[in-house]
Each structure stands twice: as C-alpha cells, then as structure tokens.
Peer 1: 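Dropping a structure here in structure tokens format, bear with me for questions.
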2 protein chains.
Amino acid sequence: MTGIDTRERIVSASAELFGRQGYHATGVKEIVAAARAPFGSIYHFFPGGKEELGAEAIRRSGAIYGELIDAFFGPAPDLVTAVGDSFAGAAEQLRDTDFADACPIATIALEVASISEPLRQATAEVFESWIATASARFTGAGLPAGRARELVIAMLSGLEGAFVLARALRSTEPVEIAGRAAVEATRLALAAAANERHEIPGTVPT
Amino acid sequence: MTGIDTRERIVSASAELFGRQGYHATGVKEIVAAARAPFGSIYHFFPGGKEELGAEAIRRSGAIYGELIDAFFGPAPDLVTAVGDSFAGAAEQLRDTDFADACPIATIALEVASISEPLRQATAEVFESWIATASARFTGAGLPAGRARELVIAMLSGLEGAFVLARALRSTEPVEIAGRAAVEATRLALAAAANERHEIPGTVPT
DNA sequence: CAGCCAGTTGATAGATCGCTCTACTTAATG
DNA sequence: CATTAAGTAGAGCGATCTATCAACTGGCTG
C-alpha cells in the first residue's frame, strides 16, 4: 500500500470537512480521523501544515465543482434550461445533506479573506476559473464576452448568497428564487443579443 | 463608571471581530483586548460564554444593518434609486475597509450553520428581519406581498454572494454587477405591477 | 546479508483555547 | 458604619490546537 492513497484520502476528507464546518472549526486531528490516516502523514505530505492542506483542499473542491458546471451545461438542450437545472440541483443537494453541503469553498472564502493571503488567493483562483468556465458557455451561445462574464458573475453571486440564506434559514426557498432570477436574466440577455444581431446589424455601436 | 459601558464595548468589539474574521478565528482573549475589558467581565455579562456573546453580537449587527436599510430607502426619491444606492454604498464600504467589512453576519452564518443551533437561529432571525424590513418598502410601492418578498430575497442573495466573491477577489466588481442586476429586476417588477393594475384591472387571478 | 534511505507513524511538545475561580474595588442601602 | 450587590481583575485549569521529531518499516543496492 502506497501513501498516495493516504494523501488522496486526506485531501478529500479535508475538502469535505472544511466545506461543511469551515476552516477554523475543523481540526487536523479531525481530518486524520475522517481520512483514517496517521497524524504524521499530514505533515509528510503537506510540510506547510494546515494552511498548505487548506489550499489544496480548496483547489480540489474547485476543480470538482468546475466539472459540475460542464456536467449541467453539456447535456442541456439550451442555456436557459442548464441554468435552471443547476440551481435545482443545488437545492436538491442542500436538501439531501440537511443543508450541510452548499458551496464547498464559500465558508472558507469568507473566513480566510482577511486572515490568510495564500488561502484567499486559492479561493480567488477557484472563483475565477468557475467564472471563466461558465462564461465560455455563454459566449458560445452568442453573448459578447463582457456581457457573458457579467451575467455569470451575477448568477454566481445569486447562487452563493442564496446558499448563505438557505443554510441559515434551513430552507431551499432562496435557492429557488435566485434560480428563477438567473433563468430570467439569462433569457433576457440571450434575447437582447439575438435582437442586436438580427434587427440592427448595420448600426455601429458607440 | 458603570459596567454597562464595558458590556457595550464587549458586544461591539465582538460584532466587529466576528464579522471580519469569523467566529472561530476570534478568541475571547482577543475580544477583551479589543474592548479594553477585563477577561472575567465576559463571563459576568454573558454566563453562556462565547456562544451567548456570539448570539448577542449577531443580533446587534443585524439591528444596525436593519436600520441601514431604512437609511437608504427613506430619503431616496424612488425604490430603483434606493436599490442602486444600497449596492453602491456596500461597494464603497468594502473599498474603504480594504475588503474587510462586508455583511457582518454572513461569515458567522456559514460557519455556524451546521455547528451551533442557537447561533444559526440568531442568523436566521436577522436575515428574516432584514427581508421583512425591505419587503415592507416594496409592498408600500405597490408590489404584492409575495412578489415583494421574492424580489427582496433575490436581491439579498445577490448582495451576500457578491460579498463572498468581492472579498475573495479583492474587487468590488461583483457588487457593482449584482447591483445592476438588482436595479434591473426592481424596475421590471415595478413595471409589471403597474401594468397589472392599470391594463387588466377586471381580470380575476386564478 | 548488511547497510541504507525514502516513506511512514504516533507520542508528545508548546502554545492557545474557552472557561472557572477567588480576591478585590466600588456603590448603594439598612 | 456594616452589609450586600455589582462589577473589575487576572491567575490558572483542563482540554485542544498545530506542529515536531525520533523511531520504525519495507525495499533496494553493494
């Protein structure tokens, strides 16, 4: 048995615990217990200690969620459906886990924003990558790059904030409401883009 | 000098530190240092310890921010302006404090959601009170109660999520984008409500 | 097989956590 | 003035935190 399995278990257990309880509420001992790993292995694989492990857990969670974007946007017949499905999926996940699993890095992001620069950067990179991945879907559907980015940031803000409210209120209502708002905004943006292309093709934008 | 001042200093220092660093990252010793209060006073005024102090800090922050809603919506000429000003004010606050002061309870809300039921309830009450306060402004402007609540939750989600992104990315861009989306949604909702009242007054809703 | 080293391990150090406790000061009351 | 209550003050407790480090393992080489 090689230690690579151990390392893997540590990272995924960390990602799960950090995401649910937050960074400071999760102890290293708790992590090794959940990962069924020896205590010392943490510092063998992550000489930088808890902070280095945190950064890797953040990036791991970010990558998994990033793939989820494509999983929702790939098979859907159109963008509006994909957006709606994404929020519905988020609400379902929330319900299934008794409001424990929402965004895996939002809690950490707020916790470390003013405390640890390396961890803050890790969360920033993840958010940026999500925005880039999702934006690509919208530019692919005909939206100008700037407009796509703006729409994605608005929807991601809505989702993240809905998670905050949902976990506090123990209700999926905010996610459903934010989802409807996102669907509507997507519909409007796509219509506006189509309008601009077909109806006033010769006009020169200022 | 009576101890009420001490109690007050403890609560406001707690609210500030919890809001910026989170609940678990803020120690009781750090609080008394910031409040220039004796350590024992914490347990004199808050026999329930850190958790009771946390609950009071949450409610305190919630009350202050609740008043802020009226401060923005009172003097504004119309709701759309008020919504825009609120987000602009949030962005300014973020910039002025080097992205330290966003929503005073969002961090705590995520941290404690799955850990402490009393604290989770405190955050839930605060969010509900904000929603009620803001909804009143929108029903007052002619929106049906259900639609007002939905609009407010969508905007609050957008704001909270924008705070998450803004602090992580160290940029006010998400707040500005969420603000534009909120303004647009408000405009549409008000127009739809006016439309319904004037153009099809005789129809009976299902 | 001896020697060696990368990889692995948990006991433990050292700091800090929330909290309790006792002692002291001040203010108000009989 | 004596008594009581309220608030001030910090030493120190057990628990828990992150991190270290010496000991151990298994496999490879001379």
Peer 1: Under 3.5 Å, is there a donor on one side chain and an acceptor on the other for A:Glu176 and A:Thr172?
Peer 2: yes
Peer 1: Distance check needed: C:dG10 P versus A:Ile10 CD1, whole Å only.
Peer 2: 12 Å
Peer 1: In this structure, how many angstroms lie between the C1' atom of D:dT8 and the CD1 atom of B:Ile42, rounded?
Peer 2: 13 Å
Peer 1: Roughly how many Å is it from CZ in A:Arg7 to C1' in C:dT9, rounded to a whole number?
Peer 2: 18 Å
Peer 1: Could you check whether any side-chain N or O of A:Glu111 sits under 3.5 Å from a backbone N or O of A:Tyr23, counting only pairs where one atom can act as donor and the other as acceptor?
Peer 2: yes
Peer 1: Compare the minimum distances between each of D:dT18, D:dA9, C:dC19 and the side chain of B:Pro38, then state the nucleotide with the smallest one.
Peer 2: D:dA9
Peer 1: With a 4.0 Å limit, can you tell me whether A:Ser41 has a side-chain N or O closer than that to the phosphate oxygens OP1/OP2 of C:dT8?
Peer 2: no
Peer 1: Once you round it to whole Å, what is the distance between P of C:dA6 and OH of A:Tyr43?
Peer 2: 23 Å
Peer 1: Between the side chain of A:Arg20 and the main-chain N/O of A:Ala100, is any donor-acceptor distance below 3.5 Å?
Peer 2: no
Peer 1: Taking the side chain of A:Phe39 as its heavy atoms from C-beta onward, which of C:dT20, D:dC17, C:dA11 lies nearest to it?
Peer 2: C:dA11
Peer 1: Among D:dA19, D:dA9, C:dT8, find the nucleotide with the atom closest to the side chain of A:Lys50.
Peer 2: D:dA19
Peer 1: May I ask you to say whether A:Glu56 pairs ionically with A:Arg7, meaning some side-chain N is under 4.0 Å from a carboxylate O?
Peer 2: yes
Peer 1: Can you check the B:Phe45 CZ to C:dG18 C1' distance for me, whole Å?
Peer 2: 19 Å
Peer 1: Rounded to the nearest angstrom, tell me the gap between atom NZ in B:Lys29 and atom P in C:dT20.
Peer 2: 13 Å
Peer 1: Give A:Gly40 one of three labels, base, sugar-phosphate or nothing, depending on what nucleic acid heavy atoms sit under 4.0 Å from its own.
Peer 2: base
Peer 1: Could you tell me the separation between the CD atom of A:Glu30 and the P atom of C:dC17, rounded to a whole number of Å?
Peer 2: 18 Å
Peer 1: In this structure, how many angstroms lie between the C1' atom of C:dA11 and the NE2 atom of A:His44, rounded?
Peer 2: 19 Å
Peer 1: Give the nucleotide from the list C:dG10, C:dG18, D:dG7 with an atom nearest to the side chain of B:Val28.
Peer 2: C:dG18
Peer 1: When we call it a touch if two heavy atoms are under 4.0 Å apart, what does A:Gly27 touch: a base, just sugar-phosphate, or nothing?
Peer 2: sugar-phosphate
Peer 1: Using the ring of each side chain (for Trp, its six-membered ring), is A:Phe39 parallel, tilted or perpendicular to A:Tyr43, with breaks at 30° and 60°?
Peer 2: tilted
